[in-house]
Amino acid sequence: MSVSKTGPSGFINSLEETLIALLLGLMTLITFANVIARFAFNSNILWALELTVFLFAWLVLLGAAYAVKTHSHLGVDAIVNTLGPGPRKVVALIAAGACLLFSLLLLKGAYDYWAVFADLPPTSGRWFPTGFDMKARSQSFYEVQDVPMIGAFRFLEDLINYGDSYEKLPKVVPYIVLPLSMLLLVFRFAQAALQVLRGDADRLVASHEVEDELDEARARATEGEK
Amino acid sequence: MDVIFLFAMVIGLMLIGVPIAVSLGLSSVLFLLIYSDSSLASVAGTLFEAFEGHFTLLAIPFFILASTFMSTGGVAQRIIRFSIACVGHFQGGLAIAGVFACMMFAALSGSSPATVVAIGSIVIAAMRQAGYTKEFAAGVICNAGTLGILIPPSIVMVVYAASVDVSVGRMFLAGIIPGLLAGLMLMVTIYVIARIKNMPKGKWAGWGEVGASFREAFWGLFLIVIIMVGIYGYPWFSAELGLYKEDAIFTPTEAAAVASVYAFFVATFVYRDMGPLAETEERPRRSVFQAPMALLSVWAHPDTKQALFDAGKLTVTLMFVIANALILKHVLTDEQVPQHIANAMLSAGFGPVMFLVVVNVILLIGGQFMEPSGLLVIVAPLVFPIAIELGIDPIHLGIIMVVNMEIGMITPPVGLNLFVTSGVAGMPMMAVVRAALPFLAVLFVFLIMVTYIPWLSTMIPNALMGPEIITN
């Protein structure tokens, strides 16, 4: 693998890694607690399933941007491997362009989807934002099904819900991950494209899920030979 | 015509090195924008609903987490010791033990490449020391590792169940007989080859060693019991009812979450291969009584965080593919592609036999290029309606698809397991391909058996859960 393995470090990196670990840990604990509640107290935590699902979506969507940074998205590199350095760079640039296009289109979609929940105007235009659609109906009163409203978000009632109180968590909160993660994705794909342009990387993908473990095993195997 | 454009775009993007997830997502988005009225906002909604609408998929991160704790916990080592104690004394015993260990580890991990890395990195070296050729060792592990997705619990089965709405529990039960059969066929083949080539055999270490190694491996293997008993219930005896079956305790998702908490405790407090009690350079393994603070510090221990992070990262890469594949699935259902294909095939006079051959071929080719879960999300909804029309059992179809993907992983030129094995064994790719061929032939026979003997897959689920009722 010619991708440099000297992993990025620093505050942002450990923030991302901790967040991924934390989200998965919370999902596990909530689901486990729900099982315990059913056995020990014969009652269900009503909002456990829905909250777990939201955490799951947060984990995967935010994690997707992290995976771009670490070049760990799964892909096919069989063809890329057969190319010389010149064509390989051209192909990698086209690939990076496709990724950027994807994330930009989804960023518009994600914003439009979320904006109505936040009492903001969605963008008009089919492919690219051409302006704001001021006539779109606000859906800021939409709530999730089970997760109750918590105090920290009460300020939203005045901010976007015209003073009406929420019983359940308003949809604007969990769904904010959509525009947020797509924005991060755009940023990370742009970074990846720059890396390719500068010659620091020659591809965007990993060919399988155990690439790191395999590198370790390979290192052990060559040590054994000596 | 437009659908051909869609698939050409997916494959084209994939081949130039665009991540699979983006290839699927971008092609679907462009297709929707050009050919339909759907807005980008609705696509983004679909992406989020991938998680909301498919509770079954929630089992995947938990199974991955359980298997991560089990792989960092040196469980592979203990399982290998147990299997060598059981079958090591046969001719070719170490190879047979390798297959046996792969089968057990497969039940803990649910992923084929992970099985190859965990078992292969120990067994291949051990086999070479015992006098086997490197090629033989690599061929055995490469093939036995594919059992990871067939022996339940298996992530690929969860994905199949979620994408065509069948019960995960049934799928897991259906994998039992085929999984054992495939392992047995590989073992018998090894034994025959070993007799012909006069390969080394180990010493019978006595029942004491079997018992001792089983006690060591027990805590790991008990994970399977938790999952299976949790999902299906257990036999119980009471004075009024006599022998009867107690009901299921968990949903598959809950079972997976409980399993990952259990695996965490076993890895940090029983095996103590990781976490605050593990051996370090300064001190040996401690017991929890020597360091009771560990009960608190374990939650913030770097090993715990690392395992959560590793599992989270793997979940992200797998689920991002699946979420985007669900967008594509959405497009295909909107365009009624499955129905069109079904009609075309039925009017061309395809019977069940011919249909299954076509499914085999599609999956064998696709399985080489694509991650199995992503491929399943796309292919399963396409072939499912046709299979129902032709009277094929949906569970049976699922097992056929899983076995196909297994074989795709070891089919040259780009099978995933071949690649992983070549790394673990330190051999060139082509050498692994040659080494894997004899066993690949065995698995092909196995595929034909599974495809045309539905009984193998449907017997256990139908006996335990009643016949499958199709509501379409």
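Reminder, nothing fancy here: chain letters follow the sequence lines and each chain counts from 1.
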Max heavy-atom pairs within cutoff under 4.5 Å with chain A, candidates Val321(B), Val43(B), Ile249(B), Thr253(B), goes to Ile249(B)
In this structure, CG of Leu74(A) is separated from OG1 of Thr317(B) (nearest 0.5 Å) by 5.0 Å
Between CG on residue Leu105(A) and CG on residue Leu30(B), distance to nearest 0.5 Å: 6.5 Å
Using non-hydrogen atoms only, which part of Asn324(B) is less than 4.5 Å away from chain A: side chain, backbone, both, or neither? side chain
Only pairs of heavy atoms separated by less than 4.5 Å count here; which of Leu49(A), Leu204(A), Leu106(A) has the most with chain B? Leu49(A)
Hey, which of Leu40(B), Leu33(B), Val29(B) is the one that makes side chain to side chain contact (heavy atoms under 4.5 Å, CB included) with Trp127(A)? Leu33(B)
Applying a strict 4.5 Å limit to non-hydrogen atoms, the region of Val68(A) in contact with chain B is neither
Would you check if the distance from the ring center of Phe32(A) to the ring center of Tyr262(B) is below 6.0 Å? no
Does any non-hydrogen side-chain atom of Leu24(A) lie less than 4.5 Å from one of Pro61(B)? yes
Are there over 12 heavy-atom neighbours, none belonging to Gln191(A), within less than 6.0 Å of that residue's CD? yes
Bottom line for Leu47(B): the part with an atom under 4.5 Å from chain A's heavy atoms is side chain
Using a cut-off of under 4.5 Å on heavy-atom pairs, state which of Ala96(A), Cys99(A), Ser103(A) scores highest against chain B. Cys99(A)
Taking side chain as everything from C-beta outward and backbone as N, CA, C, O, which of these in Leu61(A) sits under 4.5 Å from a heavy atom of chain B? Side chain, backbone, both or neither. side chain
Looking at Tyr113(A) and Ala44(B), what are the two nearest heavy atoms and their distance? CB-CB, 4.4 Å
Please classify the contact of Leu185(A) with chain B as side chain, backbone, both or neither, using a heavy-atom distance under 4.5 Å. side chain
Identify which part of Glu49(B) has an atom lying under 4.5 Å from any heavy atom of chain A, answering side chain, backbone, both or neither. side chain
Nearest heavy-atom neighbours spanning Leu58(B) and Val53(A): CD2-CG2, 4.1 Å
Can you say whether Phe55(B) sits under 4.5 Å from chain A via the side chain, the backbone, both, or neither, judging by heavy atoms? side chain
State whether the number of non-hydrogen atoms from other residues, nucleotides or ligands found under 6.0 Å of Phe41(A) atom CZ is greater than 12. no
Atom CG of Leu308(B) and atom CD of Glu17(A): how far apart are they, to the nearest 0.5 Å? 12.5 Å
Answer with side chain, backbone, both or neither: which region of Ile122(B) has an atom nearer than 4.5 Å to a non-hydrogen atom of chain A? neither
Near Gln77(B) CD, under 6.0 Å, is it more than 12 heavy atoms from other residues, nucleotides or ligands? no
So which part of Ala311(B) gets closer than 4.5 Å to some heavy atom of chain A, the side chain, the backbone, both or neither? both
With a 4.5 angstrom heavy-atom cut-off, could you sort out which part of Ala67(A) is near chain B: side chain, backbone, both or neither? side chain
Do Val18(B) and Phe102(A) have side chains that approach each other closer than 4.5 Å (heavy atoms only, starting at C-beta)? no
Is it the backbone or the side chain of Val91(A) that comes under 4.5 Å from a heavy atom of chain B, or both, or neither? both
Residue part contacting chain B, namely of Thr18(A), when any heavy atom lies under 4.5 Å: both
Side chain, backbone, both or neither: which part of Tyr66(A) has a heavy atom under 4.5 Å from chain B? side chain
Below 30° counts as parallel, above 60° as perpendicular, anything between as tilted: where do the rings of Phe48(B) and Phe54(A) land? tilted
Region of Met27(A) that comes under 4.5 Å of a non-hydrogen atom in chain B: both
Please examine the side chains of Thr52(A) and Phe51(B), heavy atoms only from C-beta on, and report whether any two atoms are closer than 4.5 Å. no
Could you please spell out the steps behind the salt bridge (charged side-chain N to carboxylate O under 4.0 Å, His left out) verdict for Glu254(B) and Arg38(A)? CA-CA 11 Å; Glu254(B) 287 171 347; Arg38(A) 200 171 64 225; 2.9 Å; yes
Which atoms of Leu178(A) are under 4.5 Å from chain B, going by heavy atoms: the side chain, the backbone, both sets, or neither? side chain
From CZ (Phe320(B)) to OG (Ser72(A)), nearest 0.5 Å: 12.0 Å
In terms of heavy-atom proximity below 4.5 Å to chain A, should Thr421(B) be classed as side chain, backbone, both, or neither? neither
Which bit of Leu13(B) comes within less than 4.5 Å of chain A, counting heavy atoms only: side chain, backbone, both or neither? side chain
For the candidates Asn34(A), Thr28(A), Val116(A), Thr31(A), which exhibits the highest count of non-hydrogen atom pairs separated by less than 4.5 Å from chain B? Thr28(A)
Under 4.5 Å from any heavy atom of chain A - which part of Ile16(B): both
Return the option, out of Ala21(B), Ala323(B), Gly45(B), with the maximum number of heavy-atom pairs under 4.5 Å with chain A. Gly45(B)
Output the distance between atom OG1 (Thr70(A)) and atom NZ (Lys313(B)), rounded to the nearest 0.5 Å. 5.0 Å
